[in-house]
Amino acid sequence: MLAVVNYPLDWLEERSGLIGGLRYFLFRKVPSDTNWMQTLGSATLTAFLVQAITGVILAMYYKPTPGDAYKSIQNITDDVTLGWLVRGMHKWGASVFIILMFLHMGRVFLFGAYKYPRELNWVVGVLLLVMGMMEGFTGYLLPWDQTAYWATVVGINLNGTAPFLGPWLAQFLRGGQEIGADTLTRFYSLHMLLIPGAIFALIGLHLYLVVRLGVSSPPWSKEAAGMERDGHPDKPLRRGLTRPAPRPAGGRD
Ligand code: HEM
């Protein structure tokens, strides 16, 4: 039985090293005093995956033209099996995703987890935040009802007031002089291709940096930067990039 399970895994490992990589990811060491608040990043990731899956299902039925968009949304809600559920999950899930992203960012800020050496991951996080908000903005137009239309008018006009780039930005978002068929297809393409693709890539980079730098300890941790180990003053502090130290001349120690 064991051989049946192991054979394909060994086959894959020998040719790709993927199993070893996965094992490293799952069994890597994290500080012993990590906190429930540090699950907020994974919660955000879960919310994003729910959006991706429900979004793909919706895209199978949604039609991005002014004549069909609203009707196709009605069809999804009223006729397609469990369409109301998938649409509801996507619609409410969008808010859950944004709220979790802000809570995760708040946790990182309050724990000081953005400090050296994690500044770059904070910057990647800010890009994720911007992309997440743009997902919300572009998705809002898609039902093509009165709320969607006028909310987009307000959003585009707001962007249009930005200094220098404003008029260009508004023109780009509209895809012409007025909001119409070109705006809808443009928002659809941004919403279901470009922005989710960018988010997937940025999450990959974000998680790579989380694994490479290690998860930080909470600020009250006895093991955190510069603190003595509780009851073991002789034991060296936890090694690794989690403890700020003067940078050695020849690179990392
Ligand atoms: C799609 C959105 C995001 C996802 C899926 C995501 C996911 C994660 C995960 C799984 C972790 C490791 C566990 C944890 O500390 O919670 C993490 C850590 C981190 N995230 Fe995010 N994150 C997102 C957005 C953000 C944002 C908006 C910021 C800040 C502007 C940010 C900054 C950081 C930093 C600095 C860390 C390292 C924290 C540490 O080592 O303690 N992330 N993220």
Side-chain angles (χ1 to χ4, degrees), residues 18 21-56 58 89-140 190-227 229 237-245 247 252:
L18 281 174
L22 184 67
R23 187 175 294 150
Y24 175 76
F25 177 71
L26 291 177
F27 295 102
R28 71 192 196 280
K29 291 208 185 316
V30 296
S32 54
D33 45 12
T34 43
N35 187 272
W36 273 104
M37 304 254 275
Q38 279 157 301
T39 59
L40 284 167
S42 309
T44 314
L45 179 61
T46 309
F48 175 69
L49 292 177
V50 169
Q51 290 307 97
I53 293 166
T54 50
V56 167
L58 290 176
M89 283 175 74
H90 197 75
K91 193 181 155 122
W92 290 101
S95 302
V96 171
F97 171 58
I98 301 278
I99 290 168
L100 282 173
M101 206 160 38
F102 271 100
L103 290 176
H104 168 59
M105 186 173 68
R107 188 298 283 178
V108 169
F109 179 73
L110 291 175
F111 278 34
Y114 55 85
K115 293 179 192 169
Y116 173 80
R118 298 187 180 78
E119 306 95 320
L120 181 61
N121 218 11
W122 175 268
V123 172
V124 174
V126 171
L127 292 177
L128 278 167
L129 188 69
V130 172
M131 293 289 155
M133 311 264 261
M134 279 172 66
E135 270 296 70
F137 180 56
T138 50
Y140 210 76
L190 290 172
H191 185 77
M192 54 89 75
L193 278 172
L194 191 75
I195 305 174
I199 293 183
F200 265 117
L202 286 169
I203 287 180
L205 181 59
H206 200 63
L207 295 187
Y208 165 74
L209 288 173
V210 166
V211 173
R212 179 180 156 82
L213 301 173
V215 174
S216 63
S217 294
W220 54 83
S221 168
K222 290 276 184 275
E223 292 186 26
M227 300 255 199
R229 252 188 201 275
L237 289 164
R238 192 153 51 81
R239 305 283 297 161
L241 283 168
T242 43
R243 179 163 54 95
R247 286 172 225 199
R252 283 173 55 199

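All ligand and atom numbering here is 1-based and tracks the order in the structure. Computed from a predicted structure; not experimentally measured.
For the side chain to side chain contact (heavy atoms under 4.5 Å, CB included) test, residues two or more places apart in sequence or in another chain that qualify with Phe102 are Ile98, Met105, Leu129, Met133. Val108 is linked by a side chain to side chain contact (heavy atoms under 4.5 Å, CB included) to His104, Ala113, Tyr114, Trp122, counting only residues two or more places apart in sequence or in another chain. For Leu18, the side chain to side chain contact (heavy atoms under 4.5 Å, CB included) criterion is met by Ser16, not counting sequence neighbours.
Close approach to Gly214 involves these atoms of ligand 1, each under 4.0 Å from a residue heavy atom: 40 (O). Every atom of ligand 1 with a heavy atom of Phe97 under 4.0 Å away is listed here by number and element: 1 (C). Listed by atom number, the atoms of ligand 1 under 4.0 Å from Val126 heavy atoms are 30 (C). Residue contact check: Leu45 has heavy atoms under 4.0 Å from atoms 5 (C) of ligand 1. Every atom of ligand 1 with a heavy atom of Ala113 under 4.0 Å away is listed here by number and element: 35 (C), 38 (C), 39 (C), 41 (O).
Ser42 counts as a contact of ligand 1, since one of its heavy atoms falls under 4.0 Å from the ligand. Using a 4.0 Å heavy-atom cutoff, Leu202 is absent from the residues neighbouring ligand 1. Remark: distances from the non-hydrogen atoms of Met131 to ligand 1 are all 4.0 Å or more. At least one heavy atom of Trp122 lies less than 4.0 angstrom from ligand 1. Note on ligand 1: Phe102 sits outside its first shell, no heavy atom being nearer than 4.0 Å.
Taking CG from Leu207 and CG from Leu202, the interatomic distance works out to 11.0 Å, rounded to the nearest 0.5 Å. Put simply, CD1 on Ile199 and CG on Leu194 are 10.0 Å apart, with the number rounded to the nearest 0.5 Å. Atom CD of Gln51 sits about 8.5 Å away from atom CE of Met89, to the nearest 0.5 Å. The distance from atom CG of Leu128 to atom CG of Leu205, rounded to the nearest 0.5 Å, is 8.5 Å. Between the CG atom in Asn35 and the CG atom in Leu40 there is a gap of 9.5 Å [rounded to 0.5 Å]. Rounding to the nearest 0.5 Å places OG1 of Thr54 at 14.5 Å from CH2 of Trp92.
Around atom 21 (Fe) of ligand 1, the protein atoms of type N, O or S found under 2.8 Å away are His104 NE2, His206 NE2, listed by chain and number.
The shortest distance between side-chain heavy atoms of Leu58 and Lys91 does not fall below 4.5 Å.
Ring planes of Phe48 and Phe97: tilted class, angle from 30 to 60°.
Although no hydrogens or angles enter the test, the distance criterion places a donor-acceptor pair under 3.5 Å between the side chain of Gln38 and the main chain of Ser216. A donor-acceptor contact shorter than 3.5 Å is absent between the side chain of Arg118 and the backbone of Val210.
Neither the backbone nor the side chain of Phe111 comes within contact range of ligand 1; no heavy atom lies under 4.0 Å. At a heavy-atom cutoff of 4.0 Å, ligand 1 is contacted by the side chain of Leu207 but not by its backbone.
For the residues Gln51, Arg107, Met37, the heavy atom positioned nearest atom 38 (C) of ligand 1 is part of Arg107.
If you check which protein heavy atom lies closest to atom 14 (C) of ligand 1, you get Gln38 O, 3.2 Å. Distance from atom 39 (C) of ligand 1 to its nearest protein heavy atom, with residue and atom name: Ser216 OG, 3.4 Å. From the protein, the heavy atom lying nearest to atom 40 (O) of ligand 1 is Arg118 NE, 3.1 Å.
In this structure, Arg23 is not positioned above the aromatic face of Phe27 in the sense of NZ or CZ being under 6.0 Å from the six-membered ring centre and within 45° of the axis.
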